[in-house]
Amino acid sequence: MAQKHVLFTFNNAPYGSIWYTEGLRAAVGATSGIDEHTVDLVYLGDGVYFTLKDVDRTDSARYLGTLTKGGYRLKAERESLEARGISAADLAEDVEVISRADVVELVKIADLTIDF
Amino acid sequence: MAQKHVLFTFNNAPYGSIWYTEGLRAAVGATSGIDEHTVDLVYLGDGVYFTLKDVDRTDSARYLGTLTKGGYRLKAERESLEARGISAADLAEDVEVISRADVVELVKIADLTIDF
Amino acid sequence: MATLGMLLTLGPFQFENWDTAASIAEAALDKGHEVRMFLYLDGVYNPIKHQTFPDLSVMPKDRFAALVEKGATIIACGVCVNARGLEKGKDYIDGVKVGGLPDFAEIIGEADALITL
Amino acid sequence: MATLGMLLTLGPFQFENWDTAASIAEAALDKGHEVRMFLYLDGVYNPIKHQTFPDLSVMPKDRFAALVEKGATIIACGVCVNARGLEKGKDYIDGVKVGGLPDFAEIIGEADALITL
Amino acid sequence: MANLYLIGSPAGRNGLELAKKDGEAAVLLIQDGVYLDASAIAETGKKVYALRKDAEKRGLTNRFSGSVELIDYGKLVDLIFAHKVINFA
Amino acid sequence: MANLYLIGSPAGRNGLELAKKDGEAAVLLIQDGVYLDASAIAETGKKVYALRKDAEKRGLTNRFSGSVELIDYGKLVDLIFAHKVINFA
């Protein structure tokens, strides 16, 4: 048993499948256990569609609230956004844009990684 | 009740999911009913990976045997093959390569279409 | 009045297709059309009657039960049902039948339009 | 000796992930490692004990039962189990436990490596 | 009856390619199909529809220009029976 | 420990892009990930593995040059514990 730092990546767009929200639920679960693991939340590929400002967050608001209170931010990969023609103005306020090189740095500091 | 001509398209590669073989089972079912529908079998997109000559056909051999006896051919879209770097020499003998324009003609003569 | 045939190959929750299928079927029934749906592969998980999830007021099986009440025919592939351990649909909502691909072939014969999800 | 954590979010048959997960777990157990698997979302369909399909000699549930016999820990997400109508895993093979995300958090804490499928 | 390409999955890309070559095509985007770019098809004068509910919950309604008509399930059913459905959903 | 990118799904493309930028990356292709082209990564001297069983049943073993090592599940397990697994399967 040990506290770990876990990188969660979100690779699937809402709402064709439910990984986008059930991944957040799992992240809440990881941070709420006895070990209180810490997490990074990174949106890649089609997953970045979740970071659009007009996306309906009804299903995920509760998990996002818990994670935000814990100081966590949603991080979207710039290269994935650009490939889909999404500009910074299209994004929700709680989303931070980071470069692919930054994502690789998050990979390096993680103890474990989980993809949703 | 009426005999129909049904276009089956296969869009998913083996073996990540089972649509590649269960779609063939459904095609057998369609041709075996009281109405004895007729079918076209067309491979599109990543579905064309099924038409490679070295693919293990254990799961689908029975359905392919029934369909071949009925005179049906597996048709792979040339544009999908080319986009994946697959040449005619890579294909199984029972595969016929047709153009995207040919696929559109099959769409036109079909009464109904089903994608797997 | 026309007949809408439907083929559903994915289960509840994980993918959106079950919701789309139920919504299209509802709209078709409301317009007076007939709906005949075949559940194939993971589609056979949809009508399990014990579904319960506090976050959802209406469960997938309730949506399908409402379709049956409005007159839709829903038939599940028996081979798929038994492969997935659902024992001939013993825990299915009322009105969903367990059949086979000949039923799907019949739906093809009867359908004026066919949607696959 | 090390501990392999596994997360499986897809069910049997439809997608290949269950087979990959079982094969990796078998290989890890054969090498003397510990395996702790969490079944999440559609992953909870895998251990239903009534699976039967004439074309397959070994059913998915048999593969998971063999893992349990070799000492693997397999825990299913209870919320997911009940949402899908599986009533607390009443029809599960022996040895698969129904738990919750705290169990997954524990697996994260214990795992030397984690595979998600 | 003209062909209605029902585009609602990753395989929808295959359907869009066919629709481009089909002189009698209309396109209906549903589910994750609403993420796909059908503007090249709309520009050729072919009708492109998108399911409003699926576009709205994804926050995409602003992305659709006037060349794409947003529709509800009732209209979707009417379109289904007024065309031959070419399934890619 | 170097990072082992486990590539086995459509999302695997996202992982391959990261592996290109990661100086300490190795890549392991499984499931439909064996269809993806990792030759650009292999050419930079990074190690690329593919699960032999998954490549064989897809008829792809001839496609892999000597730069990709085909492995079994036992070797996969050894690699998993000798690296940090970056999951995209």
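Quick caveat, the model's predicted, so the values are computed rather than measured. Lettering follows sequence order; numbering is per chain, from 1.
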Closest heavy-atom pair and its distance - Lys84(F), Val107(A):
NZ-O, 2.8 Å
Looking only at heavy atoms, which two atoms of Gly45(A) and Asn14(F) are closest? And how far apart?
CA-OD1, 3.5 Å
Got a sec: does the CD of Glu36(A) have more than 12 other heavy atoms crowding it under 6.0 Å?
no
Might you confirm whether atom CZ of Arg84(A) has over 12 heavy atoms from other residues, nucleotides or ligands at distances under 6.0 Å?
yes
Output yes when a side-chain donor or acceptor of Asn87(F) lies under 3.5 Å from a complementary backbone atom of Thr113(A), and no otherwise.
yes
So which part of [X] gets closer than 4.5 Å to some heavy atom of chain F, the side chain, the backbone, both or neither?
| X | value |
| --- | --- |
| Asn12(A) | neither |
| Thr9(A) | side chain |
| Glu77(A) | side chain |

Which answer fits [X], side chain, backbone, both or neither, if we ask what part of it has an atom under 4.5 Å from a heavy atom of chain A?
| X | answer |
| --- | --- |
| Ala89(F) | backbone |
| Glu17(F) | both |
| Asp22(F) | both |

In Å, rounded to the nearest 0.5 Å, how long is the span from CD1 of Ile86(F) to CG of Leu112(A)?
9.0 Å
Identify the residue among Val104(A), Val103(A), Asp102(A) that makes a side-chain contact (heavy atoms from CB on, under 4.5 Å) with Lys21(F).
Val104(A)
